[in-house]
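Report on the following structure.
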Amino acid sequence: DVKRIEARRDLHKRCDEIVNKAGKFKSTYPQGKFAVIVYYPFVAEQVNVRDRLQSPDVDSVAFAAQTDPSIESAARMVLAKCLT
């Protein structure tokens with residue numbers, strides 16, 4: 001899943017949506033891996049996002065900025081974690 005969370009007020013709602021989507025995915029594909037790449041511009045608060053996404057159904061979380069290299073790096077990180 002790839003999400004943009006651009007406002008602090010949307011943090012809880014968007015994280016809940018992601019965790020719910022992960023749960024639905026895992027109920028359909030129990031052996032599947034669910035990874036999340038998040039754009040959240042408040043870098044100092046990214047730990048809050050990671051904490052909100054803690055779930056047995058979420059296998060990997062990475063953060064990306066708006067640049068192609070940043071998105072590519074985040075994708076490589078989640079793939080590396082999910083494929084090991």
Side-chain angles (χ1 to χ4, degrees):
D1 195 13
V2 177
K3 287 283 187 206
R4 290 176 64 98
I5 306 172
E6 297 188 53
R8 288 179 175 102
R9 69 179 178 275
D10 294 336
L11 174 65
H12 299 292
K13 180 180 178 182
R14 296 292 174 246
C15 288
D16 290 348
E17 288 173 357
I18 294 167
V19 170
N20 289 335
K21 186 185 282 188
K24 289 177 185 175
F25 175 83
K26 290 288 187 147
S27 69
T28 303
Y29 305 102
Q31 301 303 314
K33 300 289 185 175
F34 191 91
V36 181
I37 298 175
V38 179
Y39 168 75
Y40 188 68
F42 311 104
V43 177
E45 298 171 23
Q46 287 179 352
V47 69
N48 297 334
V49 176
R50 189 176 300 280
D51 289 346
R52 293 278 307 176
L53 294 173
Q54 287 294 320
S55 165
D57 297 323
V58 176
D59 298 296
S60 181
V61 176
F63 293 91
Q66 296 181 16
T67 65
D68 288 344
S70 176
I71 296 165
E72 183 177 330
S73 176
R76 289 181 188 278
M77 286 191 313
V78 297
L79 281 172
K81 184 166 184 181
C82 288
L83 294 177
T84 57

Subject >> Cationic N near anionic O, under 4.0 Å, Arg76 to Glu72 >> reply: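 Yes, charged N to carboxylate O under 4.0 Å.
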Provide the closest heavy-atom pair for [X] versus [Y] in the form atom of the first, atom of the second, distance.
X     : Y     : value
Val61 : Val78 : C-CG1, 4.4 Å
Pro30 : Ser27 : CD-O, 4.3 Å
Cys15 : Val49 : SG-CG1, 4.0 Å

Subject >> Between CG on residue Asp16 and CG on residue Asp10, distance to nearest 0.5 Å >> reply: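 Taking CG in Asp16 and CG in Asp10, the distance rounds to 12.0 Å.
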**OP:** Check the hydrophobic clustering (I, L, V, M, F, W, Y; side-chain heavy atoms under 4.5 Å; chains of links allowed) and say if Val58 and Tyr29 are grouped together.
**Re:**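 Cluster IDs for Val58 and Tyr29 match.
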Original post:
Which residues pass the ring-ring contact (aromatic ring centres under 6.0 Å, His included) test with Phe63, sequence neighbours left out?
Top reply: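 Expected list: none.
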Subject >> Derivation and outcome, side chain to side chain contact (heavy atoms under 4.5 Å, CB included), residues Glu17 and Lys3 >> reply: CA-CA 10 Å; Glu17 288 173 357; Lys3 287 283 187 206; 4.1 Å; yes
Original post:
For residues 54-68, which residue pairs qualify under salt bridge (charged side-chain N to carboxylate O under 4.0 Å, His left out), counting only residues two or more places apart or in two chains?
Top reply: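 Output for this query lists Lys26-Asp59.
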**OP:** Decide yes or no for Arg14 and Arg52: does some side-chain heavy atom of the first lie under 4.5 Å from some side-chain heavy atom of the second?
**Re:**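 Arg14 does not reach Arg52 side chain to side chain.
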**OP:** Answer whether the closest heavy-atom distance between the side chains of Lys13 and Leu11 falls below 4.5 Å.
**Re:**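 Not in contact.
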Please tabulate, for side-chain N and O atoms in residues 34-45, each donor-acceptor pair with protein atoms closer than 3.5 Å (sequence neighbours left out).
{"from": "Tyr39", "atom 1": "OH", "to": "Gln66", "atom 2": "NE2", "distance (Å)": "2.8"}
{"from": "Tyr40", "atom 1": "OH", "to": "Glu45", "atom 2": "OE1", "distance (Å)": "3.2"}
{"from": "Glu45", "atom 1": "OE1", "to": "Arg8", "atom 2": "NE", "distance (Å)": "3.1"}
{"from": "Glu45", "atom 1": "OE2", "to": "Arg8", "atom 2": "NE", "distance (Å)": "2.9"}
{"from": "Glu45", "atom 1": "OE2", "to": "Arg8", "atom 2": "NH2", "distance (Å)": "3.0"}

